[in-house]
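These values consider heavy atoms only, across backbone and side chains, with no hydrogens, waters or symmetry-generated copies.
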Amino acid sequence: MSTLAADYEKTEMGTIQIAPEVIEIIAGMATVEVPGVAGMSGGLAGGIAELLGRKNVSKGVKVEVGQREAAIDVSIVIEFGTKIPEVASGVQNNVKQAIESMTGLSVVQVNVHIHDVIFKGADKVEEVETSPQRVK
């Protein structure tokens, strides 16, 4: 995952710099908030799509940050039965709004890559099967 370093912004009090990793986290958090998104994907380079928790939401996010603008690519896994165009549009809007409101950068692109579809109930079944019994 390649990122470009953001330029410094000078103020009377000093400089402000937003690390690309911060933009990735904001984009990841805004993505998983959208209904129908099951999780983030590691992308094609990562091989099989893996579902990640909120702790590692920057995985599957690629950002390019300039002095005033940002372009974002997110790779996601969606829940079966959701309308893909609506989910993707929701991701684009939510990511754009979150980054622009939190950083002041202008988001010029939000590209959504859908890498997998999962059944929402399938994970719950696996969790129940793999969780050890604490009391017999």
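- Between Val74 and His113, the closest side-chain pair of non-hydrogen atoms is not below 4.5 Å.
- Across every non-hydrogen atom of Met40 and Lys59, the tightest pair is CB-O, 3.3 Å.
- How far CD1 of Ile99 is from CD1 of Ile23: 5.5 Å, rounded to the nearest 0.5 Å.
- The minimum heavy-atom distance linking Val112 with Ala88 is given by the pair CG2-O, 3.8 Å.
- The shortest side-chain heavy-atom distance between His115 and Ser75 falls under the 4.5 Å cut-off.
- Minimum interatomic distance between Ala70 and Leu105 (heavy atoms only, all atoms of both residues): CB-CD1, 4.3 Å.
- Evaluation of the side-chain hydrogen bond (donor to acceptor under 3.5 Å, both in side chains) rule for Asn94 yields Glu33 as partners, not counting sequence neighbours.
- Taken from CE in Met102 to CD in Gln97, the straight-line distance is 11.5 Å, to the nearest 0.5 Å.
- The two residues Ala27 and Ile72 have their closest heavy-atom pair at CB-CG2, 3.9 Å.
- Shown here are the side chain to side chain contact (heavy atoms under 4.5 Å, CB included) partners of Val22, two or more places apart in sequence or in another chain: Ile18, Ala19, Ile26.
- To the nearest 0.5 angstrom, Gln92 atom CD is 10.0 Å from Thr31 atom OG1.
- Criterion: ILVMFWY side-chain heavy atoms under 4.5 Å apart, direct or through other members. Under it, Val108 and Val63 are not part of a common hydrophobic cluster.
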Legend entry - Criterion side chain to side chain contact (heavy atoms under 4.5 Å, CB included) on Ile76 and Ser41, from CA distance to verdict: CA-CA 5 Å; Ile76 63 172; Ser41 171; 5.9 Å; no

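- Listed by chain and number, the residues in a side chain to side chain contact (heavy atoms under 4.5 Å, CB included) with Asn93 are Ser89 (sequence neighbours excluded).
- With sequence neighbours left out, Gln109 forms a side chain to side chain contact (heavy atoms under 4.5 Å, CB included) with Ala71, Asn111.
- Within the 4.5 Å cutoff, the side chain of Ile84 has heavy atoms near those of the Ile114 side chain.
- Screening residues 97-114 for salt bridge (charged side-chain N to carboxylate O under 4.0 Å, His left out) gives Lys96-Glu100 as the qualifying pairs, with residues at least two apart or on separate chains.
- For the salt bridge (charged side-chain N to carboxylate O under 4.0 Å, His left out) test, no residue two or more places apart in sequence or in another chain qualifies with Glu69.
- Summarising the geometry, atom CD belonging to Glu79 is positioned 6.5 Å from atom CD1 belonging to Ile118; distances are rounded to the nearest 0.5 Å.
- Atoms CG and CD, on Asp73 and Glu64 in that order, are 7.5 Å from each other to the nearest 0.5 Å.
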